[in-house]
Number of protein chains: 2
Amino acid sequence: MGHPVVAVAIVFVSAAIAMAASSQYSHHPLDPLTATEITAIRAAVLASPLVPARPLFFHYVGLDEPDKPDVLSYAYGAADAAATSSQMTLPRRAFVIARAGGQSHEFTVDIAADNASVLSHAVHRGPGFPMFTDEDQIAAMALPYTYPPFVESVRRRGLDVGEVGCGVLSRGWFGAEQPAYGGARVAKMKCVVVDYNATANIYARPVEGVVMVVDLDRMAIIGYRDRAVFTVPKAEGTDYRADKVGPPFTGPAAPPGVVVQPEGRGFHVHGHLVKWANWEFHVGFDMRAGTVISLASVNDTDAGGLKRRVLYRGFVSEIFVPYMDPEEEWYFHTFTDAGEYGLGALASQLQRGVDCPANAVYMDGYYAGSDGKPVKAEDVICLFERYAGDVAWRHTNGIGLGGLFSEVRPDVTLVVRMVVTVGNYDYTLDWEFKTVGSIKIVVSLSGILEMKAINYTHVDQIREDTHGTLITENTIGVYHDHFVTYHLDLDIDGTRNSFIKNNIVPKRNTGVRATGGAPAPRRSYWTVLYEVAETEAEGQVNINSAPADLLFVNPSKKTKIGNEVGYRLIPTGATATSLLADDDYPERRASYTKKQVWVTPYNKSEKWASGLYAEQSTGDDNLAAWSKRNRSIKDEDIVLWYTVGLHHVPYQEDFPVMPTISGALEVRPSNFFERNPLIRTKPPENSPNCSCSIGGSA
Amino acid sequence: MGHPVVAVAIVFVSAAIAMAASSQYSHHPLDPLTATEITAIRAAVLASPLVPARPLFFHYVGLDEPDKPDVLSYAYGAADAAATSSQMTLPRRAFVIARAGGQSHEFTVDIAADNASVLSHAVHRGPGFPMFTDEDQIAAMALPYTYPPFVESVRRRGLDVGEVGCGVLSRGWFGAEQPAYGGARVAKMKCVVVDYNATANIYARPVEGVVMVVDLDRMAIIGYRDRAVFTVPKAEGTDYRADKVGPPFTGPAAPPGVVVQPEGRGFHVHGHLVKWANWEFHVGFDMRAGTVISLASVNDTDAGGLKRRVLYRGFVSEIFVPYMDPEEEWYFHTFTDAGEYGLGALASQLQRGVDCPANAVYMDGYYAGSDGKPVKAEDVICLFERYAGDVAWRHTNGIGLGGLFSEVRPDVTLVVRMVVTVGNYDYTLDWEFKTVGSIKIVVSLSGILEMKAINYTHVDQIREDTHGTLITENTIGVYHDHFVTYHLDLDIDGTRNSFIKNNIVPKRNTGVRATGGAPAPRRSYWTVLYEVAETEAEGQVNINSAPADLLFVNPSKKTKIGNEVGYRLIPTGATATSLLADDDYPERRASYTKKQVWVTPYNKSEKWASGLYAEQSTGDDNLAAWSKRNRSIKDEDIVLWYTVGLHHVPYQEDFPVMPTISGALEVRPSNFFERNPLIRTKPPENSPNCSCSIGGSA
């Protein structure tokens, strides 16, 4: 989210090194592109006569995964059992967006080993632009230093041009109320004081009042405004680097602790396929979405280890982060982090033993630089077994009848983690798999606030709405939201599912059994009204409005006693929805953030909640626009879109770096299994420190 | 919650052993009663001429803590610095409720070493009764075996009387619509098939249709009804004991893992005082409330280690569990677990290495049996440092300007845990202290559902509202709620606090700066409207209605830049509120469950949300009744009451034992510290498996 003054966080490596890192692992059709493949894709695109214009910059290169029925046949075998499943060879294709000649070009590229060829080409004619490239940002950063009005603005503030740095910010979309610049691909730039001797916290020292407009294709500043001068906040107290804040390290500290697994890890990674306890899934990487979880299935150990499908594909589709300051330098801060900056491209190298515990294993990703060459994103995904001290289930039987005994099963989960640093903000994005059959999706936010310089040094001086909190002298932490929208193509025990609202509704006791009542003194109760969502309009839910259990069920599969097999949604905090006016431009682009839950029929092209071209998108190609068709979602292949949302009112503790705050969604089996799947799980071994029983049964 | 057929889960020990376990530890005024003290209290009450009636049964014996100002002086020194703080000797008193002669007697007992004397006595004249005793329940359990109508009912069902067992259930309160029985202390009894050879899951096999009324003082069955015969569900598939379900253990399994702390634990326990990282607090035990956290303060390490107050006293005040079946045998299932059964009295012995990880330490509790003798509740509280793989804060600085580096601080927390097993349900009640200054209060539910026998074996047979889910053949998991209400006497940096609603409200951009707008294309935004709750009516909040940050602030303490110091509430899932009709009897008893948040002025006598005499309470002495006075809560010593609420629609996975589900509340410093208190915390040491930096700064 946010303010990517220095967004480029990944080490560039040479293609040679990157390719060396690719192994002899036999491809799964959903495997992300390898360095070798990216190199071949680049060559094919550059060799194609379809787009002769140069320079050509690569904005997105990603897997164009095979059609879902083919992937399902590959993974699970065809329904008619004729196909050979994992022996199948599926087409291997990439989807590429490149800019050349002032246009956005789309290529489909066929990949065969280290060779590749362009299969199709199209020019994007509608609104919006592809993600920024590293090149865009690095080249733009150099422009202000030689732009006289900026040099003058810096001088006017008593600063040296050498001690400032500027970053590229998406300008959003505001219709005819913003200059069109002839349809050019423009962005805004804002600047900060950069003096790493004084502080690493560049976001804490904005050069407030100055905004530039940059044409990223022409790579030139085409607009400039210095509205007013504000005090630059001081550097003192803003640094967070260990070697600058200590020693002595006077902050609160807990002792070190390491998880030891005497029998080793419990999961196996083969290429991108992961097997752990009762789970199997595929971990992919995409430069826009970051981690992609595919083909997650759970073994039903009570049904002889039957592999049962849960999630075809899940990933973060978008992160919408609107700021709440209407001022000239701030109104356009309405970021779509995935579509404008790319979550995979901004994934941070995970710090071993710190970002992930010592028992983690790591995966790399590869994406294309703007020159099309592969960039290695090293250690951007970790997997680890989490021993948090929780209990999966327990019961203590009382002594009154029978005997005093306890049965307890500790909970161990498998976490797949990525940290995405979009400029100032750090998102820790976890997929937590539980043996009980749940997948918990956790968003944790840390990093640095977007700060606005202001001349006030004390709250008592403030009379107007500053649109944020005075978090230190001369510094406002600006109000904003985070809306992290997940694409979750749940396939509960098969492809065709329905979305059920089990509405929890109060009833008065009629006293008559035929109507659900009973002749008893009780006057009220609640019951569950089952409602199938027929169309997309019925698939939109604000979960804060009325109580309901929301489920994805497979209407053609029932438990032995006749319940529809399903998974239900359990929101866990962070259920905010957008408060922007429906007619406001940013809201039109991300109108889907008014409800946490949307359900759509599966459509391979509907991946990005803010549209394929989210940068300066207008809302014509987003989740809400697609859903206006109001397609049938009953007993269809359907997709859940869920938004984890936070209204962020900053507090002083969020400065200079924010303590982590989290929100989550769990999808949990609900009449999916015949019973608790962990009943036949072995209890922990007895040991001097670990007994699981305090008495025999009667 | 619930169905305490066999509620008595604690080993009785002789007073001699219990007393031997009490140590030479010098008392803190909030320490729970020791075995020696309980013995002395018993002697004093029995020796008192004020209540000659016998038998006399002890229903509650607990610490009558000294007045708050005295405790504060003891703990923190007097405001005028004249007092000697921890050198002070405060009166040591107990509060006792005993039944004798058909009346509830209240005693205040002065305790001096191993001697004690009754200071005052009163007879309770209002509605309601004290908690059931173990004796109540055990004695009542024996009655049905010799009660001919019951023997006949059992025979009629083809069962042998030797294979059934019955438990005591509170009957709730339903005004004149229930028989008064002359004001006798009556409860209901329901029965199950008990055959541990077939299954340990006694709750799975109800003898449905039979309800008895028992007079607990006369210890006689005074009412009986056998309405209808239902099939007893089969035992097969209901057991959960490891030695019955395996080997082979075919359930999903993760490998064992143990947290190793190479430098040892980071916390120190001296008696009941705990010091850890920047926290200090006192851990008490009460037979009704369970764990009591007192005098929690956080050291402000950026302010020279200043000890700053956060929580005077926090505990579970009540757990209200209404079931949603209006039928004759079910309508009265409206349990108040703390007030009727006692959370401390039902705390389970924690299984070492399973309920709590291997690095935990344990505390015992003592309470009074119905004979007044001390009962040792062994290992009922554990404390451990939690290494869950989370991150306290992090940031990766991009390479664009400056240098690529990451700073990450792993998160370690301290958990204080108790598991309370109220019959069928197991509540894991955690207090999690975080170095960032937060206290997270987590409720996790497991255990066994309350089940209703029904003649159906398949969902297709069901036409009417069964008030629950068919979870296995002949078995309904009945719909119900859990409302866990916390008493949280927050004292943010001092005693006098205010409750602030920072309402997050949408605004249209006026285009005029004087009104908060700006001349920019943005049409809307949100801002924060600060609202001080003046009186109790304004302190009641349904957190699902409108977005707001809710804070406890100290209006007389400000940060250097002028923000009021405070803590805010962060609900994390489980925000359900009661759906019962306002005029329904159970709702009148627990009407406070219509809002998650209540704020009251501190009053030493207002501890129990459903009233001191919660058993058959009528709502005349509960949180909502107290709040009707609408006292001032602005800049006063105020108390937060927060309810974690869940609507529980059972699913088949909840059978035969429920997988854990959780809800939580975090109270988090918000402008309490001048900045993130963890900035000066030492990063983890570098090691082969643990580096905290991937590059130097520029």
Side-chain angles (χ1 to χ4, degrees), chain A residues 6 8-9 165 174 177 242 249 251-252 254-255 257 261 263 266 277-278 324 326-327 331 348 353-354 357-358 387-389 396 398 400-401 408 412 421 435-436 458-459 465 506 509 516 518 520-526 544 562 572-573 579 581 584 651 659 670 680-683 689-690 698, chain B residues 6 8-9 165 174 177 196 242 249 251-252 254-255 257 261 263 266 277-278 324 326-327 331 348 353-354 357-358 387-389 396 398 400-401 408 412 421 435-436 458-459 465 506 509 516 518 520-526 544 562 572-573 579 581 584 651 659 670 680-683 689-690:
Chain A
V6 284
V8 190
F174 292 86
E177 299 187 41
F249 294 103
Q261 297 177 290
E263 299 173 14
N278 46 345
M324 295 300 149
E327 189 48 84
Y331 77 90
S348 289
V354 191
Y387 295 84
T396 296
L401 293 170
V408 189
V412 181
T421 304
T435 52
V436 77
H458 196 281
V459 168
D465 188 347
N509 182 8
R522 185 77 168 266
R523 295 186 177 177
S524 66
Y525 58 95
W526 58 254
N544 295 329
T572 307
L579 295 172
D584 201 358
Y651 293 94
S670 299
R680 286 193 197 276
T681 292
K682 192 177 182 181
N689 285 326
C690 172
Chain B
V6 284
V8 190
F174 291 87
E177 299 186 42
Y196 280 85
F249 294 103
Q261 298 177 289
E263 298 173 14
N278 46 345
M324 294 301 150
E327 189 49 83
Y331 77 91
S348 289
V354 191
Y387 295 83
T396 296
L401 292 170
V408 189
V412 181
T421 305
T435 52
V436 77
H458 195 281
V459 168
D465 188 346
N509 182 8
R522 184 75 169 266
R523 294 185 177 177
S524 66
Y525 57 94
W526 57 253
N544 294 329
T572 306
L579 296 172
D584 201 359
Y651 293 94
S670 299
R680 286 192 198 276
T681 291
K682 192 176 182 182
N689 285 325
C690 171

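Quick note on labels: first sequence line is chain A, next is B, and so on, each numbered from 1. None of these values were measured; they are calculated from a predicted model.
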> Can you name the residues that form a side-chain hydrogen bond (donor to acceptor under 3.5 Å, both in side chains) with A/Asn509, not counting sequence neighbours?
Replying inline: none
>> Please identify, among A/Ala388, A/Gly389, A/Pro255, A/Gly266, the residue contributing the most non-hydrogen atom pairs under 4.5 Å to chain B.
In response: A/Pro255
> Taking only residues two or more places apart in sequence or in another chain, which ones pass salt bridge (charged side-chain N to carboxylate O under 4.0 Å, His left out) with B/Arg680?
Replying inline: B/Asp302
>> Ignoring hydrogens, what is the shortest heavy-atom contact between B/Trp526 and A/Met324? Give both atom names and the distance.
In response: N-SD, 3.3 Å
> Could you give the distance from NZ (A/Lys682) to CZ (B/Phe249), rounded to the nearest 0.5 Å?
Replying inline: 7.0 Å
> Of all of B/Val436, B/Thr435, B/Thr572, B/Val412, which one pairs up most often with chain A through heavy atoms under 4.5 Å apart?
Replying inline: B/Thr572
>> For a quick test of reading the model, state the closest non-hydrogen atom pair linking A/Thr421 to B/Thr396 and the distance between them.
In response: CG2-O, 3.3 Å
>> Quick one: does any side-chain atom of B/Asp584 pair with a main-chain N or O of A/Arg523 as donor and acceptor, under 3.5 Å?
In response: yes
>> Give me the atom names and distance for the closest heavy-atom approach of B/Glu327 to A/Ala518.
In response: CA-CB, 3.4 Å
>> Quick check for you: among A/Pro326, A/Gly516, A/Ala581, which has the greatest number of heavy-atom pairs under 4.5 Å with chain B?
In response: A/Pro326
> Looking at A/Ala520, A/Ala242, A/Ser524, which makes the most heavy-atom pairs under 4.5 Å with chain B?
Replying inline: A/Ser524
>> Please classify the contact of B/Pro521 with chain A as side chain, backbone, both or neither, using a heavy-atom distance under 4.5 Å.
In response: both
> For the side chain of B/Thr681 and the backbone of A/Pro252, is there at least one donor-acceptor N/O pair under 3.5 Å apart?
Replying inline: yes
>> Counting heavy-atom pairs under 4.5 Å with chain A, which one of B/Gly573, B/Ser670, B/Pro506 comes out on top?
In response: B/Ser670
